[in-house]
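So the structure is just underneath, and the comments pick up after that.
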Amino acid sequence: MTAIKSLIVILAILPTGLLAAATFDNPADLFDLYVEALLSEDLIAAAECWLDESIQKSKRLGITYTDVPLKYDCASPLILNLQTIRRLKSKVTVADVDYHDDWALLTIQAGDPTEGLTCYYYALQTDFGWKLAPAIHIKTRSWLTTRTKYANIYHSDKSMINRPACLELDRFIESSGHELGLSPSALNKLAGEGIDYYLCDETEFKALTGYDAHGLGNLQFDAVVTRHLPHEHELTHLLVNYAKGDLPLYTIPFMQEGLACRMGGRWGRVPRVIAYTGHLILSNDMCPLQDILTFDDFHTKVGTPEISYPVSSIFVDYLIERSGMEKVLSLYRHLSGTGKEIRSLSSDNIKAAIEEKCGLRWDDIVPDFAAYWPRFEKAGIVPIEIDNTTEPELIVDSDSLVLSVRTDADSYLFTIMMAADMKSGVVKFGPRVAILDREYQSRLFAEQFPSVRFTGERYGLVFSNSEIGLYDYFCDQVRAKYVSLSPNNGLWDTENGVLNFTLDKTIVGEDALIHLSGRINRP
């Protein structure tokens, strides 16, 4: 009897997690217990099924989502459809377990096997039995970590990372934090904790997210999973959530994506290039402002993000210019809610919200916006007639091209003369391996020039008879762009084989061209 009493006392003082963990002898039993806890709304028991480290990761930045009790699992189709599963009393089963070393992939089926819901969970074998955990925590345990001021960058390959890109990431986080109104203490907290940033190749990204994409904001754990460094678009989503602290899980798309594009660009294009793309779209009447407002119009009527995102970027920039960031963030919060609520917002609902939160009349916005967007007609590169009577400051002569560069207060002025059969070319320049991590290899450079060895130049001016782009091979970004939609654009003097254009100095710096000599190649 005394022994039994002693055992009861010992069990009473043990953490409940250890008691629960002892029953998790296999991942299927663990998941059955998790479903039981979810259906009975026992959040403590549900949390016991997860790796404690993962739960703490979900809490460390203090971001919460309204009416989302299980943030660490808030993106799961099972959680998103939990009310329907409860209402229909659908059976949730573990259809398959795929074992790998000390972890397993669980295939979950809810409802009818042919028409029901299928989703996937990961489980990790620990000293206390099996625990649920996300793929980004299980599959990156052996990855390298690079700590910057504001980020913990996890990566499996040193050739994907370089110091200038890390500095650019920190610069963006700090400057964007200030613009979003983060206090010094909030920035200090961000610096102390660090944003978890998972830098992947294409195969790794799909393994961690299940998607074939370039980047993804992980809402459960306040992380960025991406194939780019830096990836300012996804960082903006996270920083907005951090600035608001608590907000609903969903936001009307033109606000959410427009703000991220306006601050962080997209598709490896910086904001000025995204806005320039929006200018081309609007100037060719490809997307009226009205068409981006509602959820359905944004995703179905416009349909493609190549159009809806750039136009949204300019419109959000307009709202910030006219009303200020504080009011725009208030509008952002107002136009957030459940998925059902966001889909139900009509065009009139959204116009009324803009009027209320931004203090602007919609009837005034339409003509004012039409006068506003033409300011984005340039993105750092402009074709121009250059006075060739003045002596150039730099001349580079190769077997196929002759390049001369002049400068004025604001711009570099390029004149490129080429052989008659030349249709395109590239000028490479900028600091080389002296400040670049020697293992680094530019993904963008490899895509553009698969048969050319990357030797560390930061920039490439790639040109043809219809467009010019400035590419940053340290950050794998398009930093400036000019595109002609007309074959008779005057960009290329075909009779004399001459191309003249200017490049904004502020984009590359005052001394960027000192490393240009001798690096002109045909693509």
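Residues: numbered from 1 along the sequence shown.
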Sequence neighbours left out, cut at 3.5 Å: what donor-acceptor pairs do the side chains of residues 168-175 make with other protein atoms?
from	atom 1	to	atom 2	distance (Å)
E168	OE1	R171	NE	3.4
E168	OE2	R171	NE	3.1
E168	OE2	R171	NH2	2.8
D170	OD1	T148	OG1	2.9
D170	OD1	Y150	N	3.0
D170	OD2	T148	OG1	3.4
D170	OD2	K149	N	2.9
R171	NH1	S175	OG	3.4
E174	OE1	K149	NZ	3.0
E174	OE1	Y150	OH	2.5
S175	OG	R171	O	3.0
S175	OG	F172	O	3.3

query = According to the ring-ring contact (aromatic ring centres under 6.0 Å, His included) rule, which pairs have a member within residues 53-90, sequence neighbours left out?
reply = W50-Y72

ask   = Taking only residues two or more places apart in sequence or in another chain, which ones pass ring pair (Phe, Tyr, Trp, His ring centres under 6.0 Å) with H299?
value = F295

inquiry  = Among residues at least two apart in sequence or on other chains, which ones pass salt bridge (Lys or Arg N to Asp or Glu O under 4.0 Å) with D73?
reply    = none

query = Charged N to carboxylate O under 4.0 angstrom, R141 versus D102?
reply = yes

note = Across all chains, not counting sequence neighbours, the side-chain hydrogen bond (donor to acceptor under 3.5 Å, both in side chains) partners of T251 are S336

task = Before accepting this row, confirm whether a basic side-chain N of the pair K206/D201 lies closer than 4.0 Å to the acidic partner's carboxylate O.
result = no

message = Applying side chain to side chain contact (heavy atoms under 4.5 Å, CB included), can you list everything that pairs with S442, at least two apart in sequence or on another chain?
response = Y440, L444, F445, F454, Y473, D476

request  = Enter the distance from L190:CG to L238:CG here, rounded to the nearest 0.5 Å.
outcome  = 8.0 Å

message = Ignoring hydrogens and geometry beyond distance, is a side-chain donor-acceptor pair present between Y471 and K428 at under 3.5 Å?
response = no

Counterpart residues, ring pair (Phe, Tyr, Trp, His ring centres under 6.0 Å), relative to Y332 (two or more places apart) = none

message = Among residues at least two apart in sequence or on other chains, which ones pass salt bridge (Lys or Arg N to Asp or Glu O under 4.0 Å) with R266?
response = none

ask   = Got a sec, which pairs hit side-chain hydrogen bond (donor to acceptor under 3.5 Å, both in side chains) with one end in residues 227-240, sequence neighbours left out?
value = H214-H228, T226-H231, H228-R443, E232-Q477, H233-H237, H233-E257, H237-E257

note = Residue set satisfying side-chain hydrogen bond (donor to acceptor under 3.5 Å, both in side chains) with E53, at least two apart, ordered chain then number -> none

message = Hydrogens and angles aside, do T64 and D246 bring a side-chain donor and acceptor to less than 3.5 Å of each other?
response = yes

remark   = side chain to side chain contact (heavy atoms under 4.5 Å, CB included) filter on V94, not counting sequence neighbours, yields A28, F31, D32, V97, L106, I108

note = The reported gap from CG in L259 to CZ in F315 (rounded to nearest 0.5 angstrom) is 13.0 Å

Side chain to side chain contact (heavy atoms under 4.5 Å, CB included) involving S347 - partner list, sequence neighbours excluded = Q290, L293, T294, K351

